[in-house]
Each structure stands twice: as structure tokens, then as C-alpha cells.
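Keep in mind it's a predicted model, so treat the numbers as computed, not measured.
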Amino acid sequence: MKKRILHWLPTCGVALLLFGNPAPCDGETVYRSWKKRWIASTVALTAANLLDLHSSRGLYETNPLLRGPQGRFSPGRGFAIKSAASGGLLAVQFVLLHKNPQRDLYKPFALTNTAAAGITSATALRNYGLPRM
């Protein structure tokens, strides 16, 4: 039962972000709608990275940046690197959104974050299916 919930949770979240609540024709409402979706996509990306960290515990790691001395996933390194990568991406988006308020960058950023969250969630689900050593 737990695996079924973990399997469908990211899929439902991505579908909700992409196809939820259609926006009306009013320009300002569309802007707010994509802003809300961007915020939701940042939460989804953060949750996907945490899920990936959890799913990697105890597994052998092929990425040398995330590998500990015994060849297994290092939670400390994993958290630091994933936090830096996701935090850097979101920080760049935040700066660009505030430096260019006249441009509507919420939509492409929301779609980018949602795609990244989906890929990361798929990796986490794959990790949960691997045998623990």
C-alpha cells in the first residue's frame, strides 16, 4: 500500500500543477495564476529532492559527488549538494523575477520546476524499488 501511494503522489502533484484550475482571460489573473503555480512548483521540487534523499539511503552510489568512503550514498554530502543545486536554481529564478517584473517569467519557471520535480520523483521511486544492502 505504501509503495502505491509513493508511486502516485508525485504524478498527481505534477498533474495538478499543470492541469489544475484553468485561468480566466484577464491578464492580471493569469499572472497571479502562474505565480501561484510557480510557488507550488518550488514546493514540489523541494519535496521531490527530500524524497530522493530519503530513497537513496543505504544504496550504493554511482555519482562520486554523492558517494561516501564505502561507496554508499552519503546523506550529508547528498543534502549539501542537492540543497545547493536546487537553492541556486530557485535563487536565480527569484532574482530574475524581481529584476524583471514587467516580463512574465512565472510560467516558464513553473514548468521548469515541475519537470525537474517529476524527474527527481521518478528517480526516487526507482530507488525505492532497488534492493537494500
Pairs meeting criterion salt bridge (charged side-chain N to carboxylate O under 4.0 Å, His left out) with involvement of residues 55-71, two or more places apart: none
Nearest 0.5 angstrom please: T120 OG1 to L51 CG, how far? 9.5 Å
Carefully, step by step, assess L130 and Y60 under the rule side-chain contact (heavy atoms from CB on, under 4.5 Å). CA-CA 10 Å; L130 295 174; Y60 284 107; over 6 Å; no
So, S55 side chain and D52 main chain: donor-acceptor pair closer than 3.5 Å or not? yes
Should L45 and L111 be regarded as members of a common hydrophobic cluster, given that ILVMFWY residues are connected when their side-chain heavy atoms come within less than 4.5 Å of each other, either directly or indirectly? no
Side chains of H54 and Y128: does their closest heavy-atom pair fall under 4.5 Å? yes
Which heavy-atom pair separates D104 from P108 by the least distance, and what is that distance? O-CD, 4.0 Å
Test your reading of the model: is there a side-chain donor-acceptor pair from R77 to the backbone of L66, 3.5 Å cut-off? no
To check you understand the geometry: which heavy-atom pair defines the closest contact between G78 and L53, and what is its length? C-CD2, 3.5 Å
In a table with atom names and distances, give each donor-acceptor pair under 3.5 Å that connects a side chain of residues 84-97 to protein atoms at least two apart or in another chain.
unit_1 : atom_1 : unit_2 : atom_2 : d
S86    : OG     : N49    : ND2    : 2.6
S86    : OG     : K82    : O      : 3.3
Q93    : OE1    : W38    : NE1    : 2.8
Q93    : OE1    : N113   : ND2    : 3.0
Q93    : NE2    : N113   : OD1    : 2.9

Shortest non-hydrogen contact from R72 to G58? NH1-O, 2.7 Å
For the backbone of I39 and the side chain of T42, can you confirm whether one donor and one acceptor N or O come within less than 3.5 Å of each other? yes
Rounding to 0.5 Å, atoms CG (L50) and OG (S83) come to a distance of 7.5 Å
What residues form a side-chain hydrogen bond (donor to acceptor under 3.5 Å, both in side chains) with S56, not counting sequence neighbours? N127
For S41 and T114, work out which heavy atoms get closest and say how close. CB-OG1, 3.5 Å
